[in-house]
Amino acid sequence: MPDDRRIAHIDMDAFFASCELSQYPELRGQAMVVAGRRSDAPRVNADGTREFARLRDYAGRGVLTTATYEARAFGVHSGMPTMQAARLAPDAILLPVNFDLYRTYSRLFKDAIRSVSPTIEDVGIDEVYADLSLLNDESEQIARKLKSAVFEATNLTCSVGIAPNKLLAKLCSDIQKPDGITILRLEDLQARIWPMAAKKINGIGPKANAKLTSLGITTIGEIAACSEQWLIEQFGRSYGAWLHRVSHGLDDRPVVTHSEPVSMSRETTFEQDLHAVRHRQELGTAFTRLCEQVALDLQRKGYLARRIGIKLRFNDFQTVTRDVTLPEPVADAKALRHAATQCLKRVDLVKSIRLLGVKAGGLQRPGATESDAPAQFTLDF
DNA sequence: TCTGGGGTCCTAGGACCC
DNA sequence: TCTGGGGTCCTAGGACCC
């Protein structure tokens, strides 16, 4: 890997909320959250004005998808149970998630980035990496071009981080959050990255962070001060060595422009926990529906699945999965349901069920054979 | 009135094969 | 009848990310 790589991470600012504000500009400056279901959609009055649901009107088991800065001032944040948020900010405007809208904006934003730098990697709906190594302009100038292209296409702002690798670019784009540009050289590691919280690193989640904290480590610099040997003793060979590398700003992952899906799944959390015997009918209906949705997803995207699985979450939040590998790949709802039912029979259904999910893995394109998968490693003599 | 939905990747044990 | 040692597949669970 050449050491003169230049990678950008581009992150849309408060993406879902910003998309919604473009639809409902009258909500600008108000406390607003995105959560809930279709029934929370605003109603249009005869005079064209709109009436919005309030957080206090919400009844259900969801969590906040996002919250505007005005709403965050009440102590609510994304991921918080919506019922809990309703106690803190009962008057906040409540909007249902509108993924079709976000996908539309996502396409516009990614096309805009591509027009400036064609080599991009998708990382979810609201962020991308771009490999700038082959571009001639100064980083600062590219960052401005990226931002103005995005703004022209969407009327939305984004934050850009440019650094020698993906790890640092991602950390960078978070430094100047709304509407910012941050450019980082490897020499800046100590001054700009080491003071940051360890959990800012992609891959240090709640569990790893809790363990680091229990060892007296909270910043990236404090990880860097540990020996690799000690980190391996604490976290295992693989994760310990990785912690050591990332704390020193090292990351040679390439920008991956294309990837095939690994699995497709659908799941649903019930309004009330359902019991396998008492609510047999409702469970059966939901189960069939999930299988139909997964089958439709497979067919629309043109995949067959050889591994079918289910997921159950019980009333005590214990989660179990079962899956089965089929001799032949399938994509129709009946075959999916049959395989998923076999899986269901292997679970002890004593506790009430909170969540039910169906998943299709081992994806292949129709007509592909077993030998197609490792073909990329075939040498051509 | 706790805790969504859609993903990826890793680990680890047992089966099975050479 | 004292018991190796890889490699791969299958399955379950868990950490993590957006």
Side-chain angles (χ1 to χ4, degrees), chain A residues 9 11-12 14-16 33-37 55-56 58-66 76-88 90 96-97 99 102-103 106 121-129 166-167 170 173-174 199-212 235-239 241-243 253 256 259-273 290 293-294 297 301 306-327 339 342-343 346-347 354-363 370 373-374:
Chain A
H9 181 255
D11 196 2
M12 297 297 289
F15 184 58
F16 293 179
V33 302
V34 176
R37 305 241 154 103
L55 205 35
R56 74 157 75 80
Y58 181 86
R61 321 178 90 171
V63 300
L64 296 193
T65 302
T66 192
V76 309
H77 54 83
S78 62
M80 176 181 273
T82 309
M83 282 303 195
Q84 192 181 330
R87 264 173 287 150
L88 295 169
V97 286
F99 269 100
Y102 314 147
R103 269 191 290 268
S106 182
E121 174 176 340
D122 255 290
V123 232
I125 199 160
D126 68 340
E127 51 185 279
V128 299
Y129 290 103
K166 284 163 66 167
L167 166 80
K170 167 95 181 166
S173 66
D174 196 49
K199 61 170 179 278
K200 290 274 185 184
I201 289 178
N202 236 264
I204 301 181
K207 296 283 178 178
N209 191 245
K211 176 152 183 187
L212 284 166
F235 292 91
R237 170 133 283 291
S238 162
Y239 198 77
W242 176 82
L243 280 174
R253 291 170 303 161
V256 177
S259 64
E260 285 290 313
V262 171
S263 66
M264 295 179 189
S265 67
R266 292 287 187 136
E267 61 185 56
T268 186
T269 295
F270 303 115
E271 291 294 330
Q272 269 98 38
D273 299 341
L290 290 165
Q293 286 175 324
V294 173
D297 293 339
K301 296 190 171 141
R306 208 162 79 86
R307 190 157 51 255
I308 306 301
I310 59 158
K311 171 171 158 182
L312 291 167
R313 176 123 73 211
F314 297 110
N315 52 4
D316 62 0
F317 228 69
Q318 183 207 7
T319 305
V320 302
T321 62
R322 294 290 181 274
D323 60 52
V324 63
T325 301
L326 303 174
Q342 300 310 114
C343 294
R346 311 204 313 254
V347 184
R354 174 187 180 90
L355 171 150
L356 181 61
V358 173
K359 169 165 161 172
L363 302 185
E370 303 267 333

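In what follows, chains are A, B, ... by sequence order, proteins preceding strands, each numbered from 1. Side chains are part of it too, since the values below use all heavy atoms of this structure and drop only hydrogens, waters and symmetry mates. Since the structure is predicted, the reported quantities are computational estimates derived from the model, not experimental observations.
Rounded to whole angstrom, the span from the NZ atom of A:K199 across to the P atom of C:dC16 amounts to 13 Å. Nucleotide B:dT3 holds its P atom 10 Å from the CD atom of A:E271, rounded to whole Å. Here B:dC2 presents its C1' atom at 19 Å from CZ of A:F270, a figure rounded to the nearest Å. Atoms NZ (A:K311) and C1' (B:dG5) sit 8 Å apart, rounded to a whole Å. Distance CD1 (A:I308) to P (C:dC10): 13 Å, rounded to an integer number of Å.
Between A:D297 and A:P81, the one whose closest nucleotide on DNA chain B sits nearer the 5' end is A:P81.
For A:S265, counting side-chain heavy atoms from C-beta on, the closest listed nucleotide (C:dT11, C:dA15, B:dG7) is B:dG7. Checked against C:dC18, B:dG5, B:dT3, the side chain of A:L355 finds its nearest nucleotide in B:dG5. Checked against B:dG6, C:dA15, C:dC17, the side chain of A:K207 finds its nearest nucleotide in C:dA15. Of all nucleotides listed (B:dT8, C:dG13, C:dC10), B:dT8 comes nearest to the side chain of A:K359. Nearest to the side-chain atoms of A:R87 among the listed nucleotides C:dC18, C:dA15, B:dT1 stands B:dT1. Checking C:dG13, C:dC18, B:dG6 against every side-chain atom of A:R266, the shortest atom distance belongs to B:dG6. Here B:dG4 is the nucleotide among B:dG4, B:dG5, C:dC18 with the atom lying nearest to any side-chain atom of A:V63.
Under 4.0 angstrom from either OP1 or OP2 of C:dA12 there lies at least one side-chain N or O belonging to A:R322. One finds a side-chain N or O of A:R354 lying less than 4.0 angstrom from the OP1 or OP2 phosphate oxygen of B:dG4. Residue A:T321 places none of its side-chain N or O atoms closer than 4.0 Å to OP1 or OP2 of C:dA12. Using a 4.0 Å cut-off, some side-chain N or O of A:T269 falls inside it from OP1 or OP2 of B:dG5. Listed pair A:T319 / C:dG14 fails the phosphate criterion, with no side-chain N or O lying under 4.0 Å from OP1 or OP2. The phosphate of C:dA12 has OP1 or OP2 within less than 4.0 Å of a side-chain N or O from A:R346. The side chain of A:T325 places an N or O atom within less than 4.0 Å of a non-bridging phosphate oxygen (OP1 or OP2) of C:dT11. Contact annotation: A:S263 reaches the phosphate of B:dT8 (side-chain N/O to OP1 or OP2, under 4.0 Å). Proximity of A:N209 to the phosphate of C:dC16: no side-chain N or O atom is located under 4.0 Å from OP1 or OP2.
Nucleic acid contact class of A:T65 (heavy atoms, under 4.0 Å, all strands): none. Among the heavy atoms of the strands lying under 4.0 Å from A:I204 are primed sugar atoms or P, OP1, OP2 only; no base atom is included. Residue A:V97 is out of contact with every strand shown, counting any heavy-atom pair closer than 4.0 Å. Heavy atoms of A:T268 sit under 4.0 angstrom from primed sugar atoms or phosphate atoms, though from no base atom. Residue A:M264 is in sugar-phosphate contact alone, with no base atom involved, counting any heavy-atom pair closer than 4.0 Å across all strands shown. Residue contacts for A:K170: at a heavy-atom cut-off of 4.0 Å it reaches the sugar-phosphate backbone alone, with no base atom in range.
Looking at every heavy atom in both residues, A:L55 comes nearest to A:T82 through CD1-CG2, 3.6 Å. Looking at every heavy atom in both residues, A:A85 comes nearest to A:L64 through CB-CD1, 3.9 Å. Scanning both residues, A:Y102 and A:V34, for their nearest heavy atoms gives OH-CG1, 3.5 Å.
Side-chain contact between A:R103 and A:I125: present, with at least one pair of heavy atoms (C-beta onward) separated by less than 4.5 Å. For the pair A:D126 and A:D11, the minimum side-chain heavy-atom distance is below 4.5 Å. Within the 4.5 Å cutoff, side-chain heavy atoms of A:F235 are placed close to those of A:L212.
Exactly one of A:R354, A:R61, A:R313 qualifies for a side-chain hydrogen bond (donor to acceptor under 3.5 Å, both in side chains) with A:D273. That residue is A:R61.
Base orientation of C:dT3: syn, the glycosidic angle falling within 90° of 0. Base orientation of B:dC2: syn (glycosidic angle within 90° of 0).
Consecutive Watson-Crick or G-U pairs involving DNA chain C, each under 3.5 Å on both distances, make up stems of three or more pairs at B:5-18 with C:5-18.
For B:dT1, the base has no donor-acceptor partner in the side chain of A:R61 [N/O atoms by modelled type, under 3.5 angstrom].
Between A:R306 and A:T325, the side chains place no donor N or O within less than 3.5 Å of an acceptor N or O (distance only, hydrogens not considered).
The C1' atoms of B:dG4 and C:dC16 are separated by 16 Å, rounded to the nearest whole Å.
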Q: Dump the intermediate steps for salt bridge (Lys or Arg N to Asp or Glu O under 4.0 Å) on A:R37 and A:E271, then the final yes or no.
A: CA-CA 12 Å; A:R37 305 241 154 103; A:E271 291 294 330; 2.4 Å; yes
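In A:K207, the NZ atom is not crowded: 12 or fewer heavy atoms of neighbouring residues, nucleotides or ligands sit closer than 6.0 Å.
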